[in-house]
> 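Following this message is one structure expressed as structure tokens.
Note that these values count all heavy atoms, side chains included, but never hydrogens, waters or copies made by symmetry. Each chain gets a letter, A, B and so on, in the order its sequence line appears, and its residues count up from 1.
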2 protein chains.
Amino acid sequence: MKNYISTLGSSTYERIKKDIIFGALAPSANLKLDGLKERYTASVTTLREALKTLASEGFVEAAEQRGFFVSPVSKNDLIEISDLRILLECTALKTSITNGDADWEGNLVSARHKLQMIEAKMRAGDTGQIELWKRYDWEFHQALIEACNSQNLLALHAIIYDKYFRYQILVLTNRGDEAVAEHCEMFEAALARDSQTAIKVLERHIRLGLEHTLSAM
Amino acid sequence: MKNYISTLGSSTYERIKKDIIFGALAPSANLKLDGLKERYTASVTTLREALKTLASEGFVEAAEQRGFFVSPVSKNDLIEISDLRILLECTALKTSITNGDADWEGNLVSARHKLQMIEAKMRAGDTGQIELWKRYDWEFHQALIEACNSQNLLALHAIIYDKYFRYQILVLTNRGDEAVAEHCEMFEAALARDSQTAIKVLERHIRLGLEHTLSAM
DNA sequence: TTTATTCAAAATTACAATATTTTTTTAATA
DNA sequence: TATTAAAAAAATATTGTAATTTTGAATAAA
């Protein structure tokens with residue numbers, strides 16, 4: 001269940017990635033190796049490995065011989081990312097609802113329960129657990145599509161999800177109640193094996209999030 | 001136009017990737033750093049950077065603390081990759097045909113011309129230019145979807161295309177005439193801005209390639 | 001036959017050397 | 001004097017090597 005991070009290399013990679021997604025490393029920020037060495041207490045070797053990997057995933061850009069910087073953000077990029085998320089996640093959702101077994105249902109119920117708990121807290125004004133909220137939102141969406149029978153699709157989706165999420169954090173404000181209701185609808189439709197409805201709601205969910213974020217940029 | 005490779009790091013990355021796609025490094029092959037050091041005349045630092053990047057793209061798998069190996073192949077993986085290629089490339093093709101301008105048409109005509117030339121040679125029995133054939137096939141498919149207005153989509157597609165291609169090389173035999181005809185049909189449909197037909201042919205093109213490869217595995 | 005222990009192989013990481021880019025300073029020209 | 005060009009210096013990225021850690025195999029003890 002837990003994602004054990006054993007080597008310094010992989011934990012450094014995870015930390016930088018998290019800092020980019022949550023904005024601690026701002027879009028377009030210059031990533032000097034000397035600076036990162038202090039910040040993450042790792043050697044250039046380790047840091048470059050992490051940065052190269054992040055570059056290949058698109059969280060970082062590498063300017064040959066001139067270092068790395070955090071991938072910039074733009075309205076156009078957000079639109080591309082949102083369209084891709086709709087494409088990938090809806091495709092996966094459809095087959096997942098068709099194929100999902102009892103384990104899938106159980107896991108989905110569990111994920112939705114945890115998401116509801118944190119959503120209630122957030123609604124009550126507790127904004128100190130954004131990381132946990134991200135995790136539970138992710139686990140819910142992941143649980144929905146997990147039975148899609150394509151590891152390759154899930155892998156691509158995971159990256160796109162994170163990129164979409166960075167924009168949400170960027171504008172800080174949350175859609176709140178509306179998004180919570182969409183999660184409910186998706187959950188109900190999925191359990192009822194109504195993939196058509198589930199997909200429709202998911203697309204709306206992503207598209208409204210896009211519009212909300214766009215208007216705040 | 002040309003993809004200049006300036007640092008040892010990026011050229012090493014490209015060489016290993018090519019060796020994986022063309023099978024010089026066989027599926028599941030163990031990638032010991034000492035061995036690679038000789039083969040690519042590069043240091044472990046450089047090699048690890050390349051391998052980590054390839055791992056993040058899925059051409060290599062990294063077993064923490066126990067080294068790297070070439071990603072294995074399987075029928076199931078090929079099916080996943082083919083489905084993803086259809087999803088991504090058909091989506092891109094649709095918008096590309098809608099948006100493509102005169103430059104797009106010109107580039108497409110050029111790409112198709114070069115592809116036809118090499119296809120004729122291949123049909124005549126010249127099998128010594130598989131790398132060039134790969135390049136022209138790629139450039140043709142890329143030219144078709146280039147105007148899709150999503151760099152993010154094109155980036156994901158590029159990786160999936162390469163993974164699909166590795167399987168084609170793996171079974172060595174080529175569909176030949178059939179595939180050539182499909183390229184023609186796609187080209188005509190694209191220029192006629194008949195995206196429905198183009199998409200239909202593209203899906204058939206990929207699916208027949210899949211079946212051809214599957215049956216040889 | 002199983003469990004420790006030791007040894008060898010291999011991966012990970014730090015550090016140092018090299019090469020490249022960027023900035024600053026100096027010199028030359030209009 | 002202002003402006004451009006050249007040279008030098010500083011900052012930074014890239015790459016190689018060596019030290020450290022971890023794993024896997026071989027041997028010895030239970």
> For the pair B:Asp137 and B:Lys134, find out whether any cationic side-chain nitrogen is under 4.0 Å from an anionic carboxylate oxygen.
no
> Rounded to the Å, how far apart are A:Leu33 CG and C:dT18 P?
19 Å
> Within this structure, what is the NZ-to-P distance between A:Lys32 and C:dT20, rounded to whole angstrom?
20 Å
> Going 5' to 3' through nucleotides 17-24 of chain D, assign each nucleotide B (protein heavy atom under 4.0 Å from a base atom), S (under 4.0 Å only from sugar-phosphate atoms) or - (no protein heavy atom that close).
BB---SSS
> Taking the basic N atoms (NZ, or NE/NH1/NH2) and the acidic carboxylate oxygens, is any pair closer than 4.0 Å for A:Glu131 and A:Arg135?
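Salt bridge between A:Glu131 and A:Arg135, a charged N being under 4.0 Å from a carboxylate O: no.
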> Could you tell me the separation between the CG atom of B:Leu47 and the C1' atom of C:dT13, rounded to a whole number of Å?
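Those two atoms, CG and C1', are 15 Å apart.
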> When you compare the side chains of B:Gln65 and A:Ser6, does any donor N or O come within less than 3.5 Å of an acceptor on the partner?
no
> Quick check on DNA chain C: between B:Gly67 and A:Thr46, whose nearest nucleotide comes earlier from the 5' end?
B:Gly67
> Tell me whether the count of non-hydrogen atoms from other residues, nucleotides or ligands lying under 6.0 Å of NZ in A:Lys17 goes above 12.
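Yes, the 6.0 Å shell around NZ holds more than 12 heavy atoms from other groups.
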> Could you state the CG-P distance from B:Asn30 to C:dA11, rounded to the nearest angstrom?
8 Å
> Can you measure B:Leu36 atom CG to D:dG16 atom C1' for me and round it to whole angstrom units?
16 Å
> Rounded to whole Å, how long is the line connecting atom CG of B:Leu51 with atom P of D:dT15?
14 Å
> In whole Å, I'd like the distance from the CG atom of A:Asp34 to the C1' atom of D:dA10.
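Computing the A:Asp34:CG to D:dA10:C1' distance gives 12 Å.
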> Which atom names give the shortest non-hydrogen contact between A:Ile97 and A:Ala190, and what distance separates them?
CD1-CA, 3.9 Å
> Starting at atom CZ of A:Phe69, determine the distance to atom C1' of D:dT12, rounded to an integer number of angstrom.
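Rounding to the nearest Å, CZ of A:Phe69 and C1' of D:dT12 are 16 Å apart.
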> Using a heavy-atom cut-off of 4.0 Å across all strands, would you classify A:Leu8 as base, sugar-phosphate, or nothing?
sugar-phosphate
> Please tell me whether B:Tyr164 and B:Glu89 have a donor and an acceptor in their side chains that are separated by less than 3.5 angstrom.
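The answer is no; no qualifying pair exists.
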